Amino acid sequence: PFEGSRGNSDFAGTLAIKRGGVRQFVRGDLRPQHLDLDKLMTTMSQNKTRDATPQEKSAAAQGEAGRAIPDVAFDPKLLQRLNADLHFQGQDIRVAELSLTNVDVEAHIEKGHVRLIPKGELEGGTMQATIEASSQQEQLAGRIQTDIKQVDLNRILSKFDLKREAFGQLDGHIDLTGQGQSLATWLAAANGAVSLIMSGGQLHGLLIELVGLDVGAAIISAFAGKEDRVPIRCLVADFIVTDGRMPTQMLVFDTAATTL
């Protein structure tokens, strides 16, 4: 058994390592109460530049500034050196500015292949995912499939200082494949599809009139300072992801004013 802390993150659980043979075998049961992955990954990135020149440190700091996901490199060779069977339970996890609670993760590593099955509560809703990856030379190639249900979109947008009280609950499915040396570079080169459905919420009346092609009414509303918000019955959006870009394939929303 072990326990400890770093910053505002704590660590506790049991860990056993069996040495010998081509690969070590690690079995663990990890149960932290609070885990701030954003700060831990940033600390890891800073440690990598500890012996760098002032110019290199400045360039690294500028590169990390404003990143929602720190660009911390994976070590694919590590996956080739061990097999593992890990169970993780966390009460409060912070990642990419979002809060995950009651998190449960099953992790298996065998012969360079990783399979993760995380699930938990995300900003008022739930999420469940299957993540598979394999080490390929200096990169990881893998697939992420994620389902979210009844997530409060206002709570997510408020993390990024965006207006609140305009959006409803979000359901979605994400299916991405890619490869990269870190999560940030993996996402930047990802391919796949994203589907989102929002129920409830509001849109500004001016936007409804513009999208509904009632341009004359929109101009009048703009000069009159109209601030009405129109309730949304449903909004559906599909995206095709190609090389990290996510253009809209389909966008449909239904309100009392218009359906498009």
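Not measured: the values here are computed from a predicted model. When a residue number appears, it is its place in the shown sequence, counting from 1.
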Measure the [atom1]-[atom2] distance between [X] and [Y] for me, rounded to the nearest 0.5 Å.
X: Lys119; Y: Thr130; atom1: NZ; atom2: OG1; value: 10.5 Å
X: Glu123; Y: Arg155; atom1: CD; atom2: CZ; value: 5.0 Å
X: Met198; Y: Leu153; atom1: CE; atom2: CG; value: 6.5 Å
X: Phe239; Y: Thr248; atom1: CZ; atom2: OG1; value: 4.5 Å
X: Asn8; Y: Arg94; atom1: CG; atom2: CZ; value: 9.0 Å
X: Arg81; Y: Ser135; atom1: CZ; atom2: OG; value: 10.5 Å

Counting C-beta onward and ignoring hydrogens, is there a side-chain heavy-atom pair between [X] and [Y] closer than 4.5 Å?
X: Arg6; Y: Phe11; answer: yes
X: Val114; Y: Ser134; answer: no
X: Ile17; Y: Leu82; answer: no
X: Ile174; Y: Val194; answer: yes
X: Met127; Y: Lys149; answer: no
X: Pro32; Y: Phe88; answer: yes
X: Asn191; Y: Asp243; answer: yes
X: Thr126; Y: Gln150; answer: no

Give me the atom names and distance for the closest heavy-atom approach of [X] to [Y].
X: Arg27; Y: Leu86; answer: C-CD2, 4.1 Å
X: Met250; Y: Val252; answer: CG-CG2, 4.0 Å
X: Ala193; Y: Leu176; answer: N-CD2, 4.1 Å
X: Cys234; Y: Ile197; answer: SG-CG2, 4.1 Å
X: Ala107; Y: Leu116; answer: CB-CD2, 3.2 Å
X: Gln80; Y: Gly112; answer: NE2-CA, 3.9 Å

Taking a hydrophobic cluster as the set of Ile, Leu, Val, Met, Phe, Trp and Tyr residues connected by side-chain heavy atoms closer than 4.5 Å, whether directly or through intermediates, do [X] and [Y] fall within one such cluster?
X: Leu251; Y: Leu170; answer: yes
X: Phe2; Y: Val26; answer: yes
X: Leu37; Y: Ile117; answer: no

With Asp104 via salt bridge (charged side-chain N to carboxylate O under 4.0 Å, His left out) - residues at least two apart: none
For the residue pair [Y] / [X], report whether a side-chain donor-acceptor contact shorter than 3.5 Å exists.
X: Ser199; Y: Gln169; result: no
X: His34; Y: Asp10; result: no
X: Glu121; Y: Asn102; result: yes
X: Ser195; Y: Asp238; result: yes

Candidate pair Arg115 and Ile131, rule side-chain contact (heavy atoms from CB on, under 4.5 Å), full reasoning: CA-CA 6 Å; Arg115 179 177 174 85; Ile131 303 170; over 6 Å; no
Salt-bridge criterion met for Glu132 and Arg143 (N-O under 4.0 Å): no
side-chain contact (heavy atoms from CB on, under 4.5 Å) partner of Val103, chosen from Ile93, Leu122, Leu35: Ile93
Derivation of the side-chain contact (heavy atoms from CB on, under 4.5 Å) call for Ile148 and Asp171: CA-CA 5 Å; Ile148 60 173; Asp171 292 353; 5.6 Å; no
His87 vs Glu106, side-chain contact (heavy atoms from CB on, under 4.5 Å): CA-CA, chis, key distance, verdict: CA-CA 5 Å; His87 181 223; Glu106 295 285 348; 3.3 Å; yes
Side chain Thr242, main chain Arg245, donor-acceptor under 3.5 Å: no
Test item: Trp186 side-chain N/O and Gly180 main-chain N/O as donor-acceptor pair under 3.5 Å: no
side-chain contact (heavy atoms from CB on, under 4.5 Å) between Leu196 and Val236, intermediate numbers included: CA-CA 6 Å; Leu196 302 173; Val236 179; over 6 Å; no
